[in-house]
*Asks:* 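Sending over a structure as structure tokens; questions will come in a sec.
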Amino acid sequence: MKGYLCNMIASIYIEYNYVSIIRGVEIIMKNGRKKTILHEVLEWAVYIIIAILIVPFLNSEVYALTEVKHSSMENTLFEGEKLYIDKISYHFSNPKTGDIVVFLQGEINEGFNDRFINVLKDMKMKLDGEIRRNRFIKRVIGVPGDKINIKDDKIYLNDKLLDEKYIKGNTIKSSVEYPVFVPKGKLFVMGDNRENSDDSRRFGFVDIKSIEGKAIFRLWPINKSGDLK
């Protein structure tokens, strides 16, 4: 929530300075310094270029807005809900058990360049009316070094029953042999809708470098807006 508020404040600051620039230009014009058509075109070109650079940067490094596309996180998240994704936190810390994360299954982001290019790809796909088929929202169950076991439709984390008040249905084993140990640089993730989720029980561990961010706030619908748990 703090990250969300900070980004809101930053957005207001940027908007304020943008408005200040526009007002300054208007004052100059009123004082008789008329701009040529070329100056007008160049000014708008600068604004457009700045916007083209700033928006992808913010979306790759600071925050993103995403929409839930599947039912695998019910009853925590439902299709059509809009979420705020914090991308700053994982620059300084690693995901932990219980985090709701967004990731690109099968894609590894090695650094800023990969993240930036992915955002540009997303923008193009949106213009073309396409969506990514490998972007998932799941909950982190195990982090590196953890032992995961499923017995009697329940999860045991490091031999202790995991308290999961958020799940829907029974936790079936699927195709993975248990127990499993989460290797370095990997995560074990599951959807809260345990009987209808494509997750680590089928495709295995998720590389930490595939994680795009942490879902921390529900923006829509308004009557359900608030922090995610």
*Asks:* Would you indicate whether Lys82, at its atom NZ, is surrounded by more than 12 heavy atoms from other residues, nucleotides or ligands within a distance under 6.0 Å?
*Replies:* yes
*Asks:* Indicate if Leu162 and Tyr156 have the same hydrophobic cluster label, given that clusters are the connected sets of ILVMFWY residues with side-chain heavy-atom separations under 4.5 angstrom.
*Replies:* no
*Asks:* Kindly compute the distance separating CG (Asp207) from CD (Gln105), expressed to the nearest 0.5 Å.
*Replies:* 9.5 Å
*Asks:* In terms of hydrophobic clustering (I, L, V, M, F, W, Y; side-chain heavy atoms under 4.5 Å; direct or indirect links), are Ile85 and Ile100 co-clustered?
*Replies:* yes
*Asks:* Can you find a pair of side-chain heavy atoms, one from Met73 and one from Phe78, that are under 4.5 Å apart?
*Replies:* no
*Asks:* In terms of hydrophobic clusters joined by side-chain contacts under 4.5 Å, are Phe136 and Leu104 together?
*Replies:* no
*Asks:* Within a 6.0 Å radius of atom CG on Asp152, are there more than 12 heavy atoms belonging to other residues, nucleotides or ligands?
*Replies:* no
*Asks:* Looking only at non-hydrogen atoms, find the nearest pair between Ser71 and Glu79 and report the distance.
*Replies:* N-CG, 4.1 Å
*Asks:* Could you list all the salt bridge (charged side-chain N to carboxylate O under 4.0 Å, His left out) pairs where at least one residue sits in residues 161-179, not counting sequence neighbours?
*Replies:* Glu74-Lys168, Asp163-Lys165, Glu164-Arg194
*Asks:* Do Lys69 and Glu81 sit within salt-bridge range, that is, some charged N less than 4.0 Å from a carboxylate O?
*Replies:* no
*Asks:* Taking Val101 as the starting point, is it possible to reach Phe217 by hopping between hydrophobic residues whose side chains are less than 4.5 Å apart?
*Replies:* no
*Asks:* Given Ser200 and Val189, is the side chain to side chain contact (heavy atoms under 4.5 Å, CB included) satisfied, shown in steps?
*Replies:* CA-CA 5 Å; Ser200 288; Val189 303; 3.5 Å; yes
*Asks:* Quick one: list whatever passes side chain to side chain donor-acceptor pair (under 3.5 Å) with Lys209, sequence neighbours left out.
*Replies:* Glu110
*Asks:* Side-chain donor-acceptor pairs under 3.5 Å in residues 138-149, sequence neighbours left out?
*Replies:*
unit_1 : atom_1 : unit_2 : atom_2 : d
Lys138 : NZ     : Ser72  : OG     : 3.0
Lys138 : NZ     : Ser197 : OG     : 3.1
Lys138 : NZ     : Asp198 : O      : 3.1
Arg139 : NE     : Asp192 : OD1    : 2.9
Arg139 : NE     : Asp192 : OD2    : 3.4
Arg139 : NH1    : Gly98  : O      : 3.0
Arg139 : NH2    : Asp192 : OD2    : 2.8
Arg139 : NH2    : Lys229 : O      : 3.2
Asp146 : OD1    : Asn158 : ND2    : 3.0
Asp146 : OD2    : Val143 : N      : 2.9
Lys147 : NZ     : Asp159 : OD1    : 3.0

*Asks:* Given the rule in the side-chain hydrogen bond (donor to acceptor under 3.5 Å, both in side chains) test, do Asp153 and Thr171 qualify, once you have shown the distances and angles that lead to the verdict?
*Replies:* CA-CA 5 Å; Asp153 296 330; Thr171 304; over 6 Å; no
*Asks:* With hydrophobic residues grouped by side-chain heavy-atom distances under 4.5 Å, do Leu157 and Val180 end up in a single group?
*Replies:* yes
*Asks:* I'd like to know whether Tyr90 forms a side-chain hydrogen bond (donor to acceptor under 3.5 Å, both in side chains) with Asp99, so could you lay out the CA-CA distance, the side-chain angles of the two residues, the decisive distance to 0.1 Å, and finally the verdict.
*Replies:* CA-CA 11 Å; Tyr90 291 155; Asp99 285 358; 2.7 Å; yes
*Asks:* Just verifying a value: how many Å separate Lys214 NZ and Ile137 CD1, rounded to the nearest 0.5 Å?
*Replies:* 14.5 Å
*Asks:* How long is the gap from CG on Asn134 to OG on Ser210, to the nearest 0.5 Å?
*Replies:* 9.0 Å
